[in-house]
Amino acid sequence: MTTEYKLRRGDGKRIVMTRAQIMEDLRAGTADAAELGSIPQLTEDELDKLADILTAPGRMVGVEEGMEVPVTHDIGTIRLDGDQGNSGVGIPASRLVGMMFHERALGADTMELGHIDYSFKPVKPIIAQEMQAMEVCQQNMIVPLLYGAMPNMGLYYTPDGPCENPGDLMKAFKIKEAQDSTMKAAEHLTRDMVWIMQRMMRSGADGVNFDTTAAAGDGDFYATLKAVKTLRQEFPEMFIEVGMAGELVLGMHGEVEYDGKLLAGLWPHEQVEMVAKAGASIFGPVVNTSTSRSSPWNLARAVTFVKAAVKASPIPCHVNMGMGVGGIPMFETPTIDAVSRASKAMVEVAGVDGI
Amino acid sequence: MGMPTTHILTSGMSGIRAAGDLVARMEFARGMRIKEAKECVAKKLGVGTADLSDEYVMRDLREELGLGVITSVAGAPKGFAAKMNIEKLLGTKINCCEKFRQQLR
């Protein structure tokens with residue numbers, strides 16, 4: 001009788017597969033990434049290793065001793081006191097308490113301070129509050145403490161912001177106007193991110209985590225790269241992490257270039273070159289999870305992309321492994337069996353420098 | 001909370017329970033990849049790279065070097081004091097410590 005293993009689908013639902021079915025999906029997943037990114041597939045040995053990780057009998061797995069990596073965080077303490085929108089659990093704790101809890105109760109390697117909205121733009125009116133919070137947190141914390149926020153360029157478009165919405169303009173076939181509006185929003189975004197981080201650095205921040213970069217497409221990525229370059233010139237010792245929003249930079253503008261390279265359509269192993277060139281310290285590659293595919297398919301695909309990014313990268317890579325990315329199911333409370341297996345696979349097969 | 005906690009337990013370096021914060025600092029400050037960062041910190045601490053995630057080795061070593069420990073030891077360096085000792089150990093400057101020194105009269 002063929003042994004069956006309990007695994008997960010991309011939406012988190014329990015599925016059952018044989019080893020042969022697992023290997024078939026692993027091969028299909030790595031082939032998909034290789035074809036899309038024009039990158040090498042995983043070897044048969046690496047696929048066997050992934051299969052071993054996926055079929056390990058315990059509920060949880062762990063990396064081999066000596067292979068541990070530091071973990072950085074997006075959202076930070078907001079996961080404690082935030083609401084469901086931030087995947088928060090609603091514990092009414094201050095951000096300082098949340099940080100100390102992560103450092104001293106959970107053993108977090110790093111932490112970050114963030115505004116409850118977790119976007120840069122809303123920080124501007126309350127910058128003094130954030131500076132004060134950073135000062136107080138730095139007085140108490142030992143682990144590296146970043147300021148984290150999303151570039152979230154969508155907030156600069158009408159009705160929330162000053163620039164006309166490119167989506168509306170494109171619907172009216174005003175392509176040039178849509179592109180101009182994107183670049184105008186990018187200027188606002190770069191200026192705001194630099195302005196905010198100049199003040200957070202004055203308040204003792206170790207650096208910044210640009211989280212979900214390029215969520216609004218190539219203009220968003222361009223604005224962030226420009227902010228990274230400006231901040232690196234002003235603060236040579238600053239810790240700068242750039243985590244992406246998705247595996248592919250969407251061409252919402254379509255023709256934006258940075259340092260002579262078209263940003264639309266870049267895959268993780270190409271994104272990292274831009275991020276490193278701008279002056280970031282750490283890159284956070286993202287690979288999206290397909291909710292209708294199996295965990296072997298998603299994990300092999302994600303590991304293939306991330307392994308290529310790690311190889312191409314001149315800086316450390318901390319892979320994004322939240323809900324719906326990095327081979328983890330797209331579910332609000334991802335199952336521990338799936339998270340620990342994806343985590344181990346990224347360290348031991350993709351060779352990431354951190355998570 | 002379950003997801004980040006799972007990553008910490010599966011793959012993380014345990015922060016100040018061991019030496020995760022120190023390795024993270026070298027990755028950020030010097031752009032070192034994981035292998036180089038671990039070798040650098042291990043050399044400075046006089047331990048092996050596998051010891052960096054070993055709470056048994058790091059607990060007393062951190063207290064001895066004043067790098068901050070996870071349990072609340074009365075009188076032991078915390079916050080800025082611990083980070084200033086980390087600056088000395090790693091040979092790096094930490095931004096908040098610089099700001100603190102600039103404010104002293």
J.: Do any of residues 34-45 of chain B come closer than 4.5 Å to chain A, heavy atom to heavy atom, and if so which ones, in number order?
T.: B:I34, B:K38
J.: Tell me, side chain or backbone of B:A82 under 4.5 Å from chain A's heavy atoms, or both, or neither?
T.: side chain
J.: Grab the two heavy atoms, one from B:R33 and one from A:V310, that are nearest each other, plus how far apart they are.
T.: NH2-O, 3.0 Å
J.: How about B:F28 and A:E241: do any of their side-chain heavy atoms sit closer than 4.5 Å?
T.: yes
J.: Using a heavy-atom distance cut-off of less than 4.5 Å, which residues of residues 55-74 of chain A contact chain B?
T.: A:M60, A:V61, A:G62, A:V63, A:G66, A:M67, A:E68, A:V69, A:P70, A:V71, A:T72, A:H73
J.: With a 4.5 Å limit on heavy-atom distance, are the side chains of A:F239 and B:R25 in contact?
T.: yes
J.: Counting heavy-atom pairs closer than 4.5 Å to chain A, which one of B:G68, B:A19, B:S53 comes out on top?
T.: B:S53
J.: Is there side-chain contact between A:N140 and B:K78, with at least one heavy-atom pair below 4.5 Å?
T.: no
J.: What residue in B:A81, B:S11, B:G79 has the most heavy-atom pairs under 4.5 Å with chain A?
T.: B:S11
J.: Check each atom of A:P314 against the heavy atoms of chain B and say whether the ones under 4.5 Å are side chain, backbone, both or neither.
T.: backbone
J.: To the nearest 0.5 Å, what is the distance between CZ (A:R104) and OG (B:S72)?
T.: 7.0 Å
J.: Which bit of A:V89 is near chain B, if near means a heavy-atom gap under 4.5 Å: side chain, backbone, both or neither?
T.: side chain
J.: Please classify the contact of A:M111 with chain B as side chain, backbone, both or neither, using a heavy-atom distance under 4.5 Å.
T.: neither
J.: Does any backbone or side-chain atom of B:I86 lie under 4.5 Å from a heavy atom of chain A? Answer side chain, backbone, both or neither.
T.: side chain
J.: Indicate whether any N or O donor in one side chain lies under 3.5 Å from an N or O acceptor in the other, for A:Q138 and B:K83.
T.: yes
J.: In terms of heavy-atom proximity below 4.5 Å to chain A, should B:T49 be classed as side chain, backbone, both, or neither?
T.: neither
J.: Heavy atoms, side chains only, cut-off 4.5 Å: are B:D21 and A:P144 in contact?
T.: yes
J.: Between A:D109 (side chain) and B:M13 (backbone), is there a donor-acceptor pair under 3.5 Å?
T.: yes
J.: Could you measure the distance from the OG1 atom of B:T10 to the CD1 atom of A:I336? Nearest 0.5 Å is fine.
T.: 9.0 Å
J.: At what distance, to the nearest 0.5 angstrom, does SG of A:C317 lie from CD of B:E27?
T.: 9.5 Å
J.: Are any side-chain N or O atoms of B:R17 and backbone N or O atoms of A:E103, one a donor and one an acceptor, separated by less than 3.5 Å?
T.: no
J.: Using a cut-off of under 4.5 Å on heavy-atom pairs, state which of B:A18, B:G12, B:A29, B:G31 scores highest against chain A.
T.: B:G12
J.: Using every non-hydrogen atom in the two residues, find where B:I8 and A:G107 come nearest and quote the distance to one decimal.
T.: CG2-O, 3.9 Å
J.: Can you confirm whether A:E237 sits close enough to B:I94 that some side-chain heavy atom of one is under 4.5 Å from a side-chain heavy atom of the other?
T.: no
J.: Can you tell which part of A:L146 gets under 4.5 Å to a heavy atom of chain B, answering side chain, backbone, both or neither?
T.: side chain
J.: So, the side chain of B:H7 versus the backbone of A:M321: is there a donor-acceptor pair under 3.5 Å, distance only?
T.: yes
J.: Applying side chain to side chain contact (heavy atoms under 4.5 Å, CB included), run through A:S203 and B:K99 and close with a yes or a no.
T.: CA-CA 8 Å; A:S203 301; B:K99 295 285 174 289; over 6 Å; no
J.: Need one label for A:T333: side chain, backbone, both or neither, based on atoms under 4.5 Å from any heavy atom in chain B.
T.: neither
J.: Quick one: what part of A:L106 sits under 4.5 Å from any heavy atom of chain B, side chain, backbone, both or neither?
T.: both
